[in-house]
Protein chains: 2
Amino acid sequence: MSTREEKKQRTRQAIIQAAINLFSANGFENTSIEELAKVAGVGKGTIYGYFQTKKEILRAFCEYALEQIHKDLVSKTNPEAPILEQMLTIYMTEFNHVTQNREFGRIFMRQTVFPDESDVKGHAEIEDKYFELLFPIIEKAKERGELRKEIEPLHLTAHFYSLYVLLMSAWYSGRIPTTEVDSAMELLFRQTLEGLQPTPLNI
Amino acid sequence: MSTREEKKQRTRQAIIQAAINLFSANGFENTSIEELAKVAGVGKGTIYGYFQTKKEILRAFCEYALEQIHKDLVSKTNPEAPILEQMLTIYMTEFNHVTQNREFGRIFMRQTVFPDESDVKGHAEIEDKYFELLFPIIEKAKERGELRKEIEPLHLTAHFYSLYVLLMSAWYSGRIPTTEVDSAMELLFRQTLEGLQPTPLNI
DNA sequence: ATTAAATGTCGACTGCAGTCGAAATTACCG
DNA sequence: CGGTAATTTCGACTGCAGTCGACATTTAAT
């Protein structure tokens with residue numbers, strides 16, 4: 001027989017695996033907790049011993065999905081490329097992954113950008129992983145003189161991220177078709193780097 | 001007796017008014033459709049003759065709330081002030097209104113930024129009202145030489161709006177306390193206007 | 001005025017998220 | 001072991017969003 005803790009871990013994994021299978025196959029809305037419980041081989045109530053809400057299960061699912069994205073990113077990014085190019089690669093990769101399933105992406109974005117009170121902590125962790133990915137890129141770009149040195153990495157990240165969110169929003173609202181996302185992103189990123197004001201004449 | 005159309009309008013209004021009262025008093029989650037129906041003086045099924053989902057009722061409520069915000073905005077904005085100041089006034093006013101009720105604000109933002117398939121059309125209309133408000137401001141600022149002329153008003157609006165969304169997100173994630181929102185907004189707006197790149201030496 | 005079609009209204013019903021307390025399992029100690 | 005405390009599991013139950021079809025009201029045509 002195994003210790004309590006080991007069993008809990010196995011049960012937890014079984015639930016997440018069932019979620020990955022069912023959410024991927026049928027979507028979040030079309031998967032009921034009871035179905036999930038059956039596939040995971042546990043009772044309905046047990047699920048709620050591991051997760052407080054259905055959305056929290058989604059977050060576990062999202063974390064898994066994010067790992068896949070990050071793996072993809074590391075292999076694609078060239079740390080010596082211009083900052084514009086790197087940022088475009090990162091955010092387009094993410095866009096492509098997240099929007100692979102339209103409904104999943106919407107729930108994921110809503111939850112990430114405007115988290116429930118109960119989810120705030122979990123999403124903070126996810127964000128930290130982003131910073132780990134982006135900060136080194138920013139530092140290198142600063143060294144190469146592509147970015148103003150006095151701007152905080154946090155604020156820089158914020159700018160790009162906010163434009164990414166905007167594009168997602170525009171895509172979900174139908175204002176931008178899939179084919180135009182990359183050019184729109186390039187335009188917005190470039191404008192942010194260059195600034196919106198006219199270049200001052202007196203330097 | 002009154003004609004059918006008139007009666008429908010009155011019923012519709014009764015539902016919206018009941019929603020305004022109940023959502024404001026008890027919040028969206030704590031208001032059941034049955035309660036709403038009772039207060040509006042109709043049957044539960046009737047509600048669904050006017051709105052397809054509970055969220056759609058929320059949108060009607062939001063439209064009402066938005067009108068209040070716009071009224072507030074028009075009285076506060078000074079069309080001759082610098083673009084930075086005007087944008088700060090507009091988005092801080094909006095921030096203050098939307099976050100007055102934390103839960104309402106979250107649902108409102110989620111719905112606005114990542115709308116459901118069924119709500120896309122309604123939210124497009126809300127956005128148009130924004131453009132009506134912002135485009136003249138941008139045109140004037142261009143005339144005063146505060147913005148690069150070649151940048152589309154739509155893209156300019158997009159930049160500021162995306163930073164506004166970012167701040168909302170940061171607030172809901174607890175990364176920014178209420179007291180620091182205005183200074184953070186000023187910082188981000190200023191950086192966007194000035195650009196993130198070093199000013200090129202060769203003009 | 002009569003009647004048939006069209007449009008509105010209603011609340012019982014269905015399905016699912018989340019709760020709860022009783023039952024089962026595991027850990028701990030004499 | 002034997003017994004008891006602590007933890008975990010379970011599915012019947014509650015409450016609410018949304019559906020459905022029977023019933024009521026309005027319109028329009030004769």
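None of these values were measured; they are calculated from a predicted model. A, B, ... follow the sequence lines: proteins, then strands. Residue 1 opens every chain.
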Handout entry: Contact list for residues 135-154 of chain A, test ring-ring contact (aromatic ring centres under 6.0 Å, His included), sequence neighbours left out
Key =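 Residue pairs with at least one partner in residues 135-154 of chain A: Phe131(A)-Phe135(A).
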
Problem - For Pro82(A), side chain to side chain contact (heavy atoms under 4.5 Å, CB included) partners two or more places apart - result: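 Expected list: Glu85(A), Glu146(A).
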
Exercise for the section: Report the residue from Ile16(A), Ile20(A), Leu22(A), Leu66(A) that forms a side-chain contact (heavy atoms from CB on, under 4.5 Å) with Phe61(A). Expected result: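 Exactly one pass, corresponding to Ile20(A).
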
Side-chain touch [X]/[Y], heavy atoms, less than 4.5 angstrom:
| X | Y | result |
| --- | --- | --- |
| Val98(A) | Trp171(A) | no |
| Arg59(B) | Lys55(B) | no |
| Leu154(A) | Thr157(A) | no |

Handout entry: Listed nucleotide nearest any side-chain atom of Tyr48(B), set dG18(C), dG18(D), dT9(C)
Key =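 Per side-chain heavy atoms of Tyr48(B), the pick is dG18(D).
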
Practice task
Decide whether Gln191(B) and His159(A) meet the rule of one side-chain donor and one side-chain acceptor closer than 3.5 Å.
Solution key: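 Yes, side-chain donor-acceptor contact under 3.5 Å.
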
Exercise for the section: Only pairs at least two apart or in different chains count here, so list each salt bridge (charged side-chain N to carboxylate O under 4.0 Å, His left out) that has a residue in residues 36-45 of chain A. Expected result: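 Of all non-adjacent pairs touching residues 36-45 of chain A, those that pass salt bridge (charged side-chain N to carboxylate O under 4.0 Å, His left out) are Glu34(A)-Lys44(A).
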
Exercise for the section: Validate the cation-pi geometry between Lys8(A) and Tyr50(A): distance from NZ or CZ to the six-membered ring centre under 6.0 Å, angle to the ring axis within 45°. Expected result: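 Lys8(A) over Tyr50(A) ring: yes.
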
For nucleotides 11-14 of chain C, which of its nitrogen or oxygen atoms have a protein nitrogen or oxygen under 3.5 Å away, and what is each distance?
unit_1  : atom_1 : unit_2   : atom_2 : d
dG11(C) : N7     : Gly45(B) : N      : 3.3

Handout entry: Touch class at under 4.0 angstrom, heavy-atom based, for Phe51(B) against every strand present
Key =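 No contact.
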
Handout entry: dG18(D) OP1/OP2 closer than 4.0 Å to side-chain N/O of Lys54(B)
Key =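 For Lys54(B), the contact criterion (side-chain N or O under 4.0 Å from OP1 or OP2 of dG18(D)) is not met.
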
Exercise for the section: Output the residues of residues 18-31 of chain B in contact with DNA chain C, where contact means a heavy atom of the residue under 4.0 Å from an atom of the strand; sort by number or write none. Expected result: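 Here the set is empty: none.
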
Exercise for the section: Look at the aromatic rings of Phe23(B) and Phe28(B) and report parallel, tilted or perpendicular, splitting at 30° and 60°. Expected result: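 Because their plane-to-plane angle is over 60°, the rings of Phe23(B) and Phe28(B) count as perpendicular.
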
Could you write out each protein N or O paired with an N or O of nucleotides 4-7 of chain D at a distance under 3.5 Å?
unit_1 : atom_1 : unit_2  : atom_2 : d
dT7(D) : O4'    : Arg4(A) : NH1    : 3.4
dT7(D) : O3'    : Arg4(A) : NH1    : 3.4

